[in-house]
Amino acid sequence: MSELRIYNTLSREKEVFQPLNAPHVGMYVCGPTLYSFAHLGNCRTFMSFDVVFRYLKHLGYKVRYVRNITDVGHLESDGDVGEDKIAKRARLEKLEPMEVVQLYAVDFHKVLDDFNLLPPSIEPSASGHVIEQIEMTKKIIENGLAYEVDGTVWFDVEKFAKTYPYTELSGRKLDELLEGTRDNLEGQSEKRGRLDFALWKKAKPEHIMRWPSPWGEGFPGWHIECSAMSSKYLGEQFDIHGGGMDLIPTHHTNEIAQSVACCKKSPAKIWMHTNMLTVNGQKMSKSLGNSFLPEELFEGRHALLERGYSPMVVRFFMLQAHYRSTLDFSNAALQASEKGFQRLMNAVKLIADLKTSATSSFHFEKIKTEVYDALNDDFNTPVAIAALFEGVRIINSINDAKDTITAADKEQVQKLFSEIVFDVLGLKQETTGHSDKVSGLMNLILDLRKDVRTKKDFAASDKIRDELLKVGIQVKDGKEGVTWTSN
RNA sequence: GGUCGGGUGGCCGAGUGGUUAGGCAGAGCUCUGCAAAAGCUCGUACAGCGGUUCAAAUCCGCUCCCGACCUCCA
């Protein structure tokens with residue numbers, strides 16, 4: 001079987017995955033800032049890493065997956081001028097900051113649960129690690145790479161860049177960043193270099209969230225939390241650090257700088273970045289106002305949607321694109337995925353009842369190899385799914401007695417589909433949740449319909465079928481009897 | 001403006017120097033009382049223009065178009 005290879009943003013190529021301390025794997029993913037509801041684009045990133053988490057576990061690794069919660073320190077604008085996002089929200093809604101965080105945390109977890117994401121091993125919050133962030137900041141000052149001005153501590157990027165390739169992750173040129181004209185230092189705060197960012201911010205009198213520190217009352221900067229928490233739970237060096245692509249140039253670049261400045265070590269071996277979800281070719285984002293809330297999608301409450309789509313259909317839709325490609329969101333694409341998802345799941349259901357033969361008329365190993373080769377190739381879920389569909393065709397064909405399968409192969413197929421579809425891709429059969437009453441009614445109706453069909457009263461029979469279809473119940477007359485599905 | 005990424009059949013979306021992506025939609029056939037489901041067959045796509053090569057959609061150059069980042073953003 002092929003080796004797992006992962007695309008590393010640092011090297012810009014796929015590298016064979018070799019954990020620092022096999023079988024243990026440490027993975028850190030930048031989580032949400034809880035100042036609003038998570039939209040679908042946010043969900044895509046966490047879903048991508050959910051598959052990474054699941055696949056690594058499937059391969060037998062003992063994964064510690066840390067995904068943080070940002071509940072303090074994330075500013076509206078750049079490190080100088082903005083207001084803390086959560087503090088602002090709290091002020092506007094007249095809530096305690098922790099109330100704001102709680103509201104969106106509950107929603108966030110519910111949504112990810114709807115999408116069948118596994119919870120991370122540890123979900124640390126920034127506000128719960130202020131001490132660690134202060135300690136790290138102190139160390140960076142000791143190492144001469146940060147300075148305090150009037151209660152605020154700044155990271156000295158230009159000094160750091162003399163001994164370390166500050167822009168290694170983004171591939172930008174430092175000179176060009178320094179030359180940038182979009183803002184200048186005039187009229188701005190006390191920081192020395194235009195790229196310098198805050199490790200600790202002095203709290204203004206009206207600021208609600210504040211902690212004591214060696215530099216007076218204040219709160220931690222946005223980037224330092226991830227450096228502090230990743231090193232606390234995964235060590236100074238760990239295997240995988242992930243997040244959305246938009247975090248590369250600032251957040252992740254600064255994270256590396258902080259960790260190196262503090263511990264002299266680059267924190268992660270592999271940096272993984274997911275691409276954006278787009279709507280009509282444009283990035284889905286809150287500021288552009290084109291974002292979808294998962295709830296709106298499930299219920300079809302959105303101008304761009306003709307109707308709702310279930311969480312598993314959406315999950316399947318997202319897995320049909322590679323995590324490093326943009327994925328364009330549209331009604332038609334969702335519809336296509338819905339059909340495909342149903343086809344896949346129907347086939348999975350069929351496996352258990354397949355009749356076995358003395359020989360198999362297909363090569364199971366070929367499908368299995370294709371699936372694993374795909375997943376090993378930087379978690380290529382769309383190709384893995386394509387290989388599974390080859391299996392779907394065969395399963396259906398066996399069910400139609402046009403192909404054959406041995407008992408041993410059937411067991412293998414069952415195992416492969418169960419492990420890949422459910423455990424790795426994280427899909428699940430969506431229970432239609434009929435009550436006993438509905439089932440009883442359906443049995444009665446179909447029984448009556450059977451009677452009229454025996455009498456060749458097809459008009460009556462078809463009327464029953466057509467009327468049921470109108471309320472969303474589809475009747476299928478198979479060779480083995482009548483089945484029905486409800487949506 | 002700078003940096004980076006991309007333009008694939010009706011739609012979504014993989015891949016890549018020579019061999020099938022896959023899903024959805026469409027056409028035909030089989031099965032069926034008819035439907036549905038399922039199976040089989042079919043469309044022969046890679047923005048444009050040059051170049052390299054025995055061979056390019058895949059490499060190189062130019063042009064056009066789109067996007068991301070450079071400001072908070074997964």
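Computation of the quantities below employed the complete heavy-atom set of this structure, encompassing side-chain atoms and omitting hydrogens, waters and symmetry-equivalent molecules. The structure displayed is predicted, hence computed values, not measured ones. Labels below follow one simple rule: chain letters A, B, ... track the order of the sequence lines, proteins then strands, and each chain is numbered from 1.
- Contact between the side-chain N/O atoms of A/N380 and the OP1/OP2 oxygens of B/G15 is found at a separation under 4.0 Å.
- Only the C1' atoms considered, B/C46 is 8 Å distant from B/G9, to the nearest whole Å.
- Rounded to a whole angstrom, the distance from the P atom of B/G50 to that of B/G10 is 23 Å.
- Protein atom CG of A/N275 is 12 Å distant from nucleotide atom P of B/G5, rounded to whole Å.
- Ring-centre distance between A/F292 and A/H39: not below the 6.0 Å cut-off.
- When heavy atoms are screened at a 4.0 angstrom cut-off, A/P249 is found touching the sugar-phosphate backbone but no base atom.
- Comparing B/G22 with B/C42, their P atoms sit 12 Å apart, to the nearest whole Å.
- Against the 90° criterion about 0, the sugar-base torsion of B/G18 places it in the anti range.
- For A/K173 and B/C70, the NZ to P distance is 18 Å, given to the nearest whole Å.
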Secondary-structure string, 5' to 3', Watson-Crick or G-U under 3.5 Å, | for another-strand partners, for RNA chain B: (((((((..(((.....[...))).(((((.......)))))....(((((..]....))))))))))))....
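- Residue A/E176 has its side chain nearest to B/U3 when only B/U3, B/G22, B/C12 are considered.
- Among all heavy-atom pairs drawn from A/C43 and A/L112, the shortest one is SG-CD2, 4.5 Å.
- Across all strands shown, A/S325 has heavy atoms under 4.0 Å from sugar-phosphate atoms exclusively, and none from any base.
- Between A/N116 and A/R54 the shortest heavy-atom distance is O-NH2, 2.8 Å.
- A salt bridge links A/D462 to A/R465: one of the charged nitrogens lies within less than 4.0 Å of a carboxylate oxygen.
- Separating the OH atom in A/Y65 from the CE atom in A/M27 is a distance of 5.0 Å, to the nearest 0.5 Å.
- With B/C11, B/A74, B/G22 as the candidates, the nucleotide lying closest to the side chain of A/M284 is B/A74.
- Distances shown here put every side-chain N or O of A/N399 at or beyond 4.0 Å from the OP1 or OP2 atom of B/A38.
- As judged by a 4.0 angstrom heavy-atom cut-off over every strand, A/G41 is placed among the base-contacting residues.
- Distance from the side chain of A/R465 is smallest to B/C34 among B/A14, B/G22, B/C34.
- A close approach under 4.0 Å does occur between a side-chain nitrogen or oxygen of A/K283 and OP1 or OP2 of B/C69.
- Between A/H252 and A/H223, the distance from one ring center to the other does not fall under 6.0 angstrom.
- Rounding to the nearest 0.5 Å gives a distance of 14.0 Å between CE of A/M345 and CZ of A/R343.
- Below the 3.5 angstrom threshold, one finds no donor paired with an acceptor across the side chain of A/D246 and the base of B/C72.
- Ring centroid separation for the pair A/F298 and A/Y309 does not come in under the 6.0 Å cut-off.
- Across the interface with RNA chain B, nearest-nucleotide mapping of A/F316 and A/M276 shows A/F316 to be the residue nearer the 5′ end.
- Comparing B/G23, B/A74, B/A21 by their closest approach to the side chain of A/P382 singles out B/A21.
- Between B/C69 and A/R172, no contact under 4.0 Å exists linking OP1 or OP2 to a side-chain N or O.
- Taking atom CG of A/L174 as the reference point, atom P of B/C70 lies 16 Å away to the nearest angstrom.
- The separation of B/G15 from B/A45, taken at their C1' atoms, amounts to 13 Å, rounded to a whole angstrom.
- Put simply, CD1 on A/I385 is 15 Å from C1' on B/G15, counting in whole angstrom units.
- B/U63 and B/U3 have their P atoms separated by 14 Å, given to the nearest Å.
- Here A/A333 lies in heavy-atom contact (under 4.0 Å) with sugar-phosphate atoms only.
- The shortest distance between the side-chain N/O atoms of A/R343 and the OP1/OP2 oxygens of B/A36 is not below 4.0 Å.
- With both ends at atom C1', the span from B/C69 to B/A21 equals 31 Å, rounded to whole Å.
- Counting any heavy atom pair closer than 4.0 Å across all strands shown, A/V475 reaches a base atom.
- Residue A/R194 has its side chain nearest to B/U71 when only B/G39, B/U71, B/C40 are considered.
- For the C1' atoms, the distance from B/A37 to B/C72 is 50 Å, rounded to whole Å.
- Residue A/H39 is classed as a base contact, given a heavy-atom separation below 4.0 Å to a base.
- Looking only at side-chain heavy atoms (C-beta outward), A/E255 and A/P267 stay at 4.5 Å or farther from each other.
- Ring centroid separation for the pair A/F108 and A/Y104 does not come in under the 6.0 Å cut-off.
- Neither OP1 nor OP2 of B/A38 sits under 4.0 Å from any side-chain N or O of A/N396.
- B/A74 atom P lies 14 Å from atom OH of A/Y104, rounded to whole Å.
- With rounding to whole Å, A/N254 atom CG is found 14 Å from B/C70 atom C1'.
- No engagement by A/L469 is indicated, since no non-hydrogen atom pair under 4.0 Å with the nucleic acid exists.
- Taking atom P in both B/C40 and B/G5, one finds a spacing of 40 Å when rounded to whole Å.
- The aromatic ring centres of A/F155 and A/Y166 sit 6.0 Å or more apart.
- In this entry the distance linking CD of A/Q335 with P of B/C11 reads 16 Å, nearest Å.
- Aromatic stacking is marked for A/F458 over B/G33, as both cut-offs hold: 5.5 Å for the centres and 30° for the planes.
- Between the NE2 atom of A/H251 and the P atom of B/A68 there is a distance of 21 Å, rounded to whole Å.
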